[in-house]
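Report on the following structure.
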Amino acid sequence: MEYALDRFAREAHEAIAGTGQVPDELIELVVPKPNIPADLAFPAFRAAKELGVAAPQLAQRIASSVRRAAGTLVGDVTAIGPFVNVGVDTVLLADTVLGEIERLGERYGSDEQGNGQTTVIDYSSPNVAKRMHAGHIRTTIIGQSLVNILRFLGYPVIGDNHLGDWGKQFGVILAAVQRYGEPQGEGEELLAGFEEIYTRYNSAMKDDPALDEEARAWSLRLEQGDPQARAIWQRAVDLTLRVNQRMYDRLGVAIDHTYGESFYEPMLAGVIEEALAKGVAYRDEGGAVVVDELEPNLPTFLLQRSDGGTLYMTRDVATIKFRIATFRPARIIYVLGIPQELHLRQLFALCRALGYVEGVDLVHVKFGTIFDQDGQPLSTRRGNMVYLESLLNEAHARARAVVEQASPELPDDEKDAIAEAVGVGAVIYNDLYQDPRRDIRLDWNRMLALEGNSAPYIQYMHARCRSIIRKAADEGYTADGGEASFLTHPSETAMIRQLAKLPVAVREAGERYAPFVVAEWCYDMARALSGFYRDCSVLKAETPALRAARLRLVAATARALRNGLALLGIRAPERM
RNA sequence: GCGGGCGUAGCUCAGUGGAUAGAGCAGCGGUCUUCUAAACCGUUGGCCGGGCGUUCGAGUCGCCCCGCCCGCGCCA
């Protein structure tokens with residue numbers, strides 16, 4: 001889709017090429033830094049060198065011979081030193097952008113580049129029989145935002161929650177249930193019970209190899225369909241899904257499939273056989289299936305345990321094979337932590353060696369680890385674990401306190417709804433506002449910040465727009481006759497420029513698998529609005545025509561902010 | 001040892017070869033009789049870890065160091 005800024009870039013390029021001063025292939029436009037008074041720039045260095053002239057001279061020649069074709073978005077063209085600076089025609093831009101937003105509404109910023117190329121995204125994937133904690137929040141939130149963004153870009157996206165419900169890990173739970181009895185209770189509390197016996201057994205296992213054997217044996221019984229093992233397993237799976245769903249609902253997360261690792265059990269033997277038959281793997285003296293020397297610097301790994309049990313790797317290979325056969329994707333994305341990088345490199349290499357992934361892009365979207373205040377890893381044993389539910393509850397409570405103070409007149413249920421949107425939004429935003437590769441040190445005040453570069457700030461600016469629109473309607477004002485040409489104040493044109501950038505930001509976020517690009521756009525949009533709010537009154541505009549134009553601008557801003565926040569999975573309340 | 005990531009203001013972070021490196025938080029000083037002060041304005045704060053190179057131009061690319069984090073066969 002060609003949005004206003006795409007058109008502007010094309011027309012600016014054409015205008016420069018039209019001077020005949022520089023060959024088309026040497027024209028490369030860049031977006032200048034904010035302190036430069038231009039919307040696009042052509043650094044003339046390379047072209048000047050190629051043409052054997054001084055760069056400032058070439059820039060000057062281009063600027064003085066450029067012709068502005070009527071009806072284009074190209075405004076002033078000036079040379080500053082070796083740069084040709086191109087300004088946008090702000091009036092035409094305003095008219096174009098407002099028109100786009102009014103026409104496209106909640107689709108403003110979307111695109112069609114996906115073109116039928118299916119993308120499978122593996123995200124969230126918590127373990128069964130455990131509560132979700134701070135460690136799960138990143139894959140869940142980043143994953144859902146990528147789903148939203150890629151869908152918006154027109155890719156058919158299939159999300160899959162690859163539940164950790166199999167393998168030795170669950171063998172430990174089964175063995176623990178045998179030893180300590182199955183925990184009783186309901187919901188979160190019951191899950192905590194499972195967790196408790198799991199950690200107890202796990203630490204006992206450390207100095208008793210017999211317990212380790214037992215857990216492994218139970219994982220085998222589960223794989224082989226032992227009815228007792230399957231019954232406990234089923235209860236644990238159902239319970240976990242039920243409890244997790246509450247978290248997903250609060251976070252605006254909806255995952256298309258929840259196959260889980262167990263789903264692939266019937267396919268595992270075939271995968272192992274195939275790897276052996278193709279000579280990609282071999283069985284060693286101990287009986288384990290080994291994959292060796294697939295690629296330089298790729299460490300050896302196992303596809304089957306020596307006792308016949310399968311591994312994470314086995315199930316992941318089967319998962320890829322299944323996904324490709326079932327969904328015919330052009331791409332599979334894993335939203336997984338950096339510590340899993342080696343595993344995925346091995347997995348991808350193995351799938352390539354097996355010939356499973358012709359024409360399929362395998363992508364690891366990686367993120368750093370969460371540590372506590374002191375830089376220690378979060379763990380149940382350390383007692384520093386932060387559970388997702390209590391995190392969200394705390395966020396809600398803090399936001400609720402602010403609503404209570406700021407808007408005591410609102411009805412109770414609306415206060416609650418606002419507190420939920422704002423509190424949860426703050427948590428989500430905290431994970432999406434930066435490049436995910438960095439490790440995060442847990443800091444409640446930063447995580448639950450309600451001011452500055454935060455979701456609540458953006459939500460607040462949106463609510464202010466909505467408030468203006470409500471008040472205008474009360475007074476009988478409408479946007480009718482609101483010509484974009486009245487919007488000439490610097491704060492207004494700054495807003496329009498920012499509005500125009502949403503489609504660009506969405507595309508970049510998709511290309512880089514980087515929701516923070518959208519988050520950044522939202523924040524910059526909110527700041528642009530606050531400048532406008534300070535400088536330009538809507539209801540008290542000098543003329544009815546100006547008021548109507550500003551009403552259009554404010555409505556468009558609310559719409560665009562809402563779209564941006566939606567891509568992050570953050571709600572935009574009408575009032576705060 | 002091998003592999004990967006990170007290093008930009010006191011703290012948390014943007015900056016994907018171009019012009020004078022930008023935000024938020026914290027600090028200091030101001031602004032509510034005004035379309036919501038979850039806001040706004042002003043201000044303090046930088047050998048961009050270090051070195052060498054490539055380039056007309058390097059926070060950005062390459063190489064070498066330094067520091068921190070992570071991973072490296074029967075867990076996931």
Side-chain angles (χ1 to χ4, degrees), chain A residues 30 32-36 38 41 43 45-46 48-49 55 80-83 85 125 127 164 166-172 202 215-216 219 261 284 286-292 297-307 309-313 315-316 337-343 345-346 366 368-369 371 375 377 399 402-403 405-407 422 426 430 433-435 437-441 443 445-446 449-461 463-465 467-472 508 511-512 516-517 520 523-524 527 530-531 533-534 536-541 550 554 575-576:
Chain A
V30 300
K33 289 183 175 156
N35 55 338
I36 308 296
F45 304 100
R46 197 172 303 117
K49 198 180 178 191
I80 298 181
F83 293 90
N85 286 340
S125 310
N127 290 328
W166 212 242
K168 187 184 163 195
Q169 175 227 192
F170 206 85
V172 172
N202 225 355
R216 201 170 306 187
S219 79
E261 293 183 45
D284 73 7
V289 175
V290 182
V291 182
D292 216 349
N297 267 329
L298 192 71
T300 304
F301 58 97
L302 297 183
L303 198 53
Q304 189 178 27
R305 303 196 311 235
S306 48
D307 68 355
T310 57
L311 295 156
Y312 185 42
M313 181 65 74
R315 297 185 284 277
D316 266 0
I338 288 172
Q340 312 245 40
E341 173 157 37
L342 176 59
H343 168 74
R345 270 178 52 215
Q346 292 170 326
K366 31 186 162 263
T369 311
F371 297 97
V402 178
V403 183
Q405 203 191 347
S407 307
V422 168
N430 182 255
Y433 86 104
Q434 66 179 73
D435 191 302
R437 275 186 302 244
R438 291 170 184 269
D439 291 341
I440 287 184
R441 200 176 272 224
D443 175 343
N445 286 330
R446 183 167 12 104
L450 303 176
E451 52 195 36
N453 187 357
S454 67
Y457 174 79
I458 299 164
Q459 290 169 316
Y460 182 60
M461 288 302 153
R464 280 183 149 180
C465 290
S467 166
I468 290 172
I469 292 164
R470 270 196 311 273
K471 286 222 154 87
E508 189 188 336
E511 275 154 27
R512 294 173 60 184
F516 78 87
V517 175
E520 212 164 45
Y523 179 61
D524 289 340
R527 279 166 50 91
S530 101
Y533 193 88
R534 179 189 65 230
C536 308
S537 176
V538 177
L539 299 182
K540 293 183 181 146
R550 284 180 176 168
V554 167
R575 301 189 276 196
M576 283 174 67

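The sequence lines fix the lettering, A, B, ..., with proteins before strands; numbering per chain opens at 1. A quick note: this is a predicted structure, and the numbers were derived from the prediction, not measured.
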Find which nucleotide of RNA chain B each of A:Y433 and A:R216 is nearest to by heavy atoms, and output the residue with the more 5' nucleotide. A:Y433

Ring of A:Y457 versus six-membered ring of B:A38: centres under 5.5 Å and planes under 30°? no

Do you know the tightest heavy-atom contact between A:I458 and A:Y523? CD1-N, 3.8 Å

Look at A:R446 and B:C25 and indicate whether a side-chain polar atom (N or O) is within less than 4.0 Å of OP1 or OP2. no

A:P299 side-chain proximity, nearest of B:G18, B:C72, B:C75: B:C72

Would you classify A:N85 as touching base, sugar-phosphate or nothing, given that sugar-phosphate means primed atoms plus P, OP1 and OP2, and contacts are heavy atoms under 4.0 Å? base

Span that lies between the C1' atom of B:C40 and that of B:G24, in whole angstrom: 15 Å

Starting from the 5' end of RNA chain B, give me the residue, A:L539 or A:Y312, whose nearest nucleotide shows up first. A:L539

Measuring from the side chain of A:N297 (C-beta onward, heavy atoms only), which nucleotide among B:G24, B:G3, B:G59 has the closest atom? B:G3

Looking only at heavy atoms, which two atoms of A:S537 and A:R550 are closest? And how far apart? O-NH1, 2.8 Å

Candidates B:G57, B:A76, B:G3 - which lies nearest the side chain of A:R46: B:G57

B:G57 and B:G4, which share atom name C1', separated by this distance in whole Å: 31 Å

Over all strands shown, is A:V291 touching base, sugar-phosphate only, or nothing at heavy-atom distances under 4.0 angstrom? nothing

Please determine, for the side chain of A:L302, which listed nucleotide (B:A38, B:C74, B:C35) has the closest atom? B:C74

I need the A:E341 CD to A:Q346 CD distance, nearest 0.5 Å. 11.0 Å

What nucleic acid atoms does A:R437 come within less than 4.0 Å of, heavy atoms only: base, sugar-phosphate, or nothing? sugar-phosphate

Base, sugar-phosphate, or nothing for A:P32, non-hydrogen atoms under 4.0 angstrom? base

Return the nearest nucleotide to the side chain of A:R305; candidates are B:C2, B:A39, B:C74. B:C74

With rounding to the closest Å, how many angstrom separate the C1' atoms on B:C13 and B:U54? 30 Å

What does A:R315 touch in the nucleic acid at a heavy-atom separation under 4.0 angstrom: a base, only the sugar-phosphate, or nothing? sugar-phosphate

Take atom P in B:U36 and the same atom in B:A19, then report the distance between them in whole Å. 40 Å

Report the distance from atom CD of A:Q304 to atom OG1 of A:T310, rounding to the nearest 0.5 Å. 7.5 Å

Among B:C74, B:U36, B:C40, the one nearest any side-chain atom of A:M576 is B:U36

Please pick, from B:U36, B:G5, B:C56, the nucleotide with the shortest atom-to-atom distance to any side-chain atom of A:A463. B:U36

Hey, does A:V402 reach any base, or is it just sugar-phosphate, or nothing, if we go heavy atoms under 4.0 Å? base

Could you classify B:C52 for me, syn or anti, using a glycosidic angle within 90° of 0 as syn? anti

Does any N or O donor sit under 3.5 Å from an N or O acceptor when you compare the side chain of A:N453 with the base of B:A14? no

Side chain of A:R438 only, please: which of B:C74, B:C6, B:U36 is the nearest? B:C6

When you compare B:U8 with B:C61, how far apart are their P atoms, in angstrom units rounded to a whole number? 15 Å

Regarding A:A449, tell me which of base, sugar-phosphate or nothing describes its non-hydrogen contacts under 4.0 Å with the strands shown. nothing

When you compare B:G51 with B:G67, how far apart are their C1' atoms, in angstrom units rounded to a whole number? 15 Å

Sequence-distant partners of A:E261, side chain to side chain contact (heavy atoms under 4.5 Å, CB included), two or more places apart: A:H162, A:D165, A:W166, A:Y312, A:R315

Expressed in whole Å, how much space separates the C1' atoms belonging to B:C66 and B:G45? 26 Å

Quick check on B:C35: is either OP1 or OP2 less than 4.0 Å from any side-chain nitrogen or oxygen of A:K471? no

Ranges pairing with ranges for RNA chain B, where each run has three or more Watson-Crick or G-U pairs under 3.5 Å: B:1-7 with B:66-72, B:10-13 with B:22-25, B:27-31 with B:39-43, B:49-53 with B:61-65

Give a yes or no on whether A:R46 atom CZ has more than 12 heavy-atom contacts from other residues, nucleotides or ligands under 6.0 Å away. no

Over all strands shown, is A:Q405 touching base, sugar-phosphate only, or nothing at heavy-atom distances under 4.0 angstrom? nothing

Look at all strands and tell whether A:N445 reaches a base, only sugar-phosphate, or nothing, counting heavy atoms closer than 4.0 Å. nothing

Quantified in whole Å, what is the C1' atom distance between nucleotide B:C69 and nucleotide B:G73? 24 Å

With distance as the sole criterion, do the side chain of A:S467 and the base of B:C35 form a donor-acceptor contact below 3.5 Å? no

Have a look at A:R345 and say if it touches a base, only the backbone sugar-phosphate, or nothing, with a 4.0 Å heavy-atom cut-off. sugar-phosphate

Can you identify which nucleotide, out of B:G7, B:G4, B:U12, has its nearest atom closest to the A:E341 side chain? B:G4

I want to verify a distance call: between B:C25, B:C40, B:G22, whose nearest atom is closest to the A:N35 side chain? B:G22

Indicate, with a heavy-atom threshold strictly under 4.0 Å, whether A:F83 touches base, sugar-phosphate, or nothing. base

At under 4.0 Å between heavy atoms, what does A:A41 touch on the DNA or RNA strands: base, sugar-phosphate, or nothing? base

Scan A:I36 against the nucleic acid and name what it touches under 4.0 Å (heavy atoms): base, sugar-phosphate only, or nothing. base

Does a side-chain N or O of A:R527 approach OP1 or OP2 of B:G24 to a distance below 4.0 Å, or not? yes

Have a look at A:V403 and say if it touches a base, only the backbone sugar-phosphate, or nothing, with a 4.0 Å heavy-atom cut-off. base

Just do the side chain to side chain contact (heavy atoms under 4.5 Å, CB included) check on A:R527 and A:Y457 with the steps written out, would you? CA-CA 9 Å; A:R527 279 166 50 91; A:Y457 174 79; 3.5 Å; yes

